[in-house]
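Just below is one structure, and these are the notes that go with it.
Given the structure is predicted, the values throughout are model-derived calculations rather than measurements. Start at 1 and go down the list; that is how both ligands and their atoms are numbered.
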Amino acid sequence: MLETLRRIIQAVNEADSLPDALNLIVREVRGAMATDVCTVYLRDRSTNRLVFRATEGLNPDKVGSFSLAMEQGLVGWVASRGELLNLSEARDHPSFQLVPGLGEESYDTFMGAPIIHQRDLLGVLVVQQAAKRRFSDEEESFLITVSAQLAGVIAHAEMAGAVIDQDPRPNDIKRVVGIPGSPGIGIGTGIFVSPTADLMAVPSRQATDRKEELRAFRSALARVRDDIEVVAANLKDELSPEDHALFGVYLNILDDSTLGGEVAALIKAGEWAQGALSQVMIKHIRHFERMEHSYLRERAVDVRDLGTRVLSYLQDEETSRRHWPERTILVAEEITASALGEVPRENLVGVVSLRGSGNSHAAILARGMGVPAVMGAADLPYARLEDRQLVVDGYNGRVFINPHPEALRRFQHLVDEDRALSRELATLNHVPCNTLDGHHIPLWVNTGIVADVQRALENGAEGIGLYRTEVSFLLRDRFPSEEEQRLLYREQLAAFAPAPVTMRTLDIGGDKSLPYFPISEDNPFLGWRGIRVTLDHPEILLAQVRAMLKANEQLGNLRILLPMISGIEELQEALALIRRCHLEVQSEGYTEPFPPVGVMIEVPSAVYLAGALASQIDFLSVGSNDLTQYLLAVDRNNARVADLYRTLHPAVLAALQHVVGAAHSHGKTVSICGELAGDPRAVPLLLAMGFDQLSMNAANLPRVKKILTSISMDNAQTLLDSISTLWTADEVGAKVDDLLHSLDLQRYVRGKGDAAIDADGSRSAS
Ligand code: PEP
Ligand code: MG
């Protein structure tokens, strides 16, 4: 069964259009189940009817024209209940209806399964047969499995069809729902960046200059040939003549008379080089994979390897001559720090990532850069978005493809409103952050790249609460040397001196993997992360800390922060290494005293050990992004569970309160540097809890300052008291909103009130 299923899904995935995909489904499922009839009904969102979209066995003339109401007949029964129905005698069921002209008269046995994608009913998959017998349990589970697996494929094909076809009513499916990643509205042109050298992720695109594409392909091919010839020559004496002959086979695969010729023909027909290469290679890889003989099946690996090598040369060349539209919306399966860094900042107006969620590091970076972003937009037909107009609604987590002019007008209006709000908030930039009753709360910023510092200073930040050192490591192709690091750190320290700058030691692992130091694990967030990596590689930590201490010379504003500490032993080991570095740099003539050292509280064990940890160091800083993920057991990077990642969850708030109490009882300060610190809805609570500083993305700082300078400590305390007995994040959120409403501060929370715009320009509740 698994093999049949895999074959069907693969075939459907390869279909060029939604009708082709549906026809394939009905043909393959009917064949696999050996039944007389297989039919797919899809829900039409504008009429909310179930449309007869493909059939094997019933009257094909009715395809597209016949439909059922949502509760009509057996199909309606399945759709409205979202349940499987298996009947040996369909006529006996109270919902049975015979539709004249459909050709169902002789089929008494019926089984229908709902097709549901992300809680959304897409349609119904039906099998019928003349022989009177109930479908078996095994057949039931096959149909359920097929429809569950096909749901994602159909959703994707439906969306792709809506983008391509000039369908008069596709507005609702030209809107893809994802997760808010970074607030704001971006209007621009979609540019898809493929993951490097992944044949399966190359979009199809028309060549703008066929000759140039052909030249690029031939040149990439020549470079791969050269590589193979060098390897072949190097191994000449090591391999037997038979094994060595394999290199000849490799070179032949690329010949003009074989795959090379096929690729060239596709390019001449108008496809760009990368698309042509990927289409030909995938076809042959699949062909080899289906072979019976294991030797031949393994040749798929060779073809894939060769294709990947050619693609990587093509991509290198493309990157060097890439032209970014004036208003670029970057679309990628998984946005990376280096992809963000590739687009000139002035051209980048939006970001869409098919994977990840609002707490992924890519989203945090986009927020830091002030670029609207939508994450987890898994259904986006990315391969067909190239050069289409897109709107990224980072407030509500939606992407609109070729929106209606009325929708565009409204979005442009929102962009203008945002600009006006920023101008209004800019008047607070250099006003101290004091509550109405005079309580001062320092607002610090989180930085990663040098550009963040400029914006932070403009927005009136009083210090850096988290400098993510790994960002500059992520943007390179090797570890930076101690001297390169010293220069980078000096820039951050000097820009803020004498205000404090908190530098976190390298925090890689989880969703941050260095291209030149890949970490591949089944559970990366529970694996080799943060301090665990650098304690296992003390040479990396030592070079980094030495660079920090040297950069601090004559400035004296450095604070060192240790990530992912889960126990006292890790802290003590790290402290010993930092002390050793300090002695070393002193012996080299550096004079600054030992800097304050702190730990991040981002693992549940550290919450319970907060008192013990505080007794050993100078300050604590709560990493609420990870702490929330670990407390609620919700992967911060997984779009599927993003709804469960509740930052105002009572358990998270209780942990925060405990940490503040533990730090203060040891006379130590405690800040918070997770995204929560930059959330205008959370800050009244954080103020009341007693955090000594809040450290956030520079982009969020003006709104947070507006809230804090418009409330009193008394307001905040009353709010905190009132939530202490609440059980859910929704209840807490509602209490916070009541307070913000009563003070007329609601419009600073999200920027856009509660209204969202639909693709046709109408407004709807979000
Ligand atoms: C955190 O976990 O809250 C944090 C600030 O660190 P990062 O987001 O870089 O993991
Ligand atoms: Mg963290």
Are [X] and [Y] linked by a side-chain donor-acceptor pair shorter than 3.5 Å?
X    : Y    : result
T669 : Q693 : no
H440 : E462 : yes
S695 : N446 : yes
S566 : E570 : yes

**Report entry** Electrostatic pair R478-E484, nearest N-O below 4.0 angstrom
**Finding:**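 Here R478 pairs with E484 in a salt bridge, since their nearest N and O are under 4.0 Å apart.
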Report task. Identify whether the distance between the nearest side-chain nitrogen and carboxylate oxygen of K550 and E482 falls below 4.0 Å. Result ->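 Salt bridge flag = yes for E482 with K550.
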Query - Donor-acceptor contact present, side-chain K705 to main-chain C433, <3.5 Å - result: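 Absent.
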Query - Protein N, O or S within less than 2.8 Å of the Mg ion (ligand 2), waters excluded - result: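 Protein N/O/S atoms under 2.8 Å of the Mg ion (ligand 2): E602 OE1, D626 OD2.
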Which ligand 1 atoms are under 4.0 Å away from a heavy-atom of [X]?
X    : answer
I364 : 8 (O)
L466 : 5 (C)
M600 : 4 (C), 5 (C)
C673 : 5 (C)

Query raised in the report: Does a sphere of radius 6.0 Å around CZ in R580 hold more than 12 heavy atoms from other residues, nucleotides or ligands, not counting ones at 6.0 Å or beyond?
Result: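 Counting other residues, nucleotides and ligands, CZ of R580 stays at 12 neighbours or fewer.
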Report task. Assess whether ring pair (Phe, Tyr, Trp, His ring centres under 6.0 Å) is satisfied between F691 and H664, documenting all intermediate values. Result -> CA-CA 10 Å; F691 277 99; H664 288 171; 8.4 Å; no
**Report entry** Residue selection (non-hydrogen contact nearest atom 8 (O) of ligand 1) among M696, R636, K512
**Finding:**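 Considering heavy atoms of M696, R636, K512, the nearest to atom 8 (O) of ligand 1 sits in R636.
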Query raised in the report: What orientation do H658 and Y608 show, parallel under 30°, tilted 30 to 60°, or perpendicular over 60°?
Result: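 Because their plane-to-plane angle lies in the 30° to 60° range, the rings of H658 and Y608 count as tilted.
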**Report entry** Heteroatom distance test (D626, ligand 1): nitrogen or oxygen, under 3.5 angstrom
**Finding:**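 Right, the criterion is met.
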Query raised in the report: Could an N or O of ligand 1 be found under 3.5 Å from any N or O of N625, whether backbone or side chain?
Result: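 Indeed, backbone or side chain, N625 has an N or O that close.
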Query raised in the report: Judged by non-hydrogen atoms, does H361 sit under 4.0 Å from ligand 1?
Result: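 Yes, that is the case, since the closest heavy atom of the residue is under 4.0 Å from the ligand.
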Specify side chain, backbone, both or neither for [X], according to which of its non-hydrogen atoms lie closer than 4.0 Å to ligand 1.
X    : answer
V622 : neither
M564 : neither
E675 : neither

Check: residues 360-373 side-chain donor-acceptor pairs under 3.5 Å, at least two apart:
residue	atom	partner	partner atom	Å
S360	OG	S357	N	2.7
S360	OG	S357	O	3.0
S360	OG	N637	OD1	2.3
H361	ND1	D511	OD1	2.5
H361	ND1	D511	OD2	3.2
H361	NE2	K512	NZ	3.2
H361	NE2	R636	NH2	3.1
R367	NE	E675	OE1	2.6
R367	NH1	G181	O	2.4
R367	NH1	G358	O	3.0
R367	NH2	G358	O	3.0
R367	NH2	E675	OE1	2.9

Query raised in the report: What is the nearest protein non-hydrogen atom to atom 6 (O) of ligand 1, stated with its residue, atom name and distance?
Result: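 Protein heavy atom at minimum distance: R504 NH1, 3.0 Å.
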Query - Criterion side-chain hydrogen bond (donor to acceptor under 3.5 Å, both in side chains) against Y489, the qualifying member of R486, Q485, Q492, E491 - result: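 For Y489, the side-chain hydrogen bond (donor to acceptor under 3.5 Å, both in side chains) test succeeds with only one of R486, Q485, Q492, E491, which is Q485.
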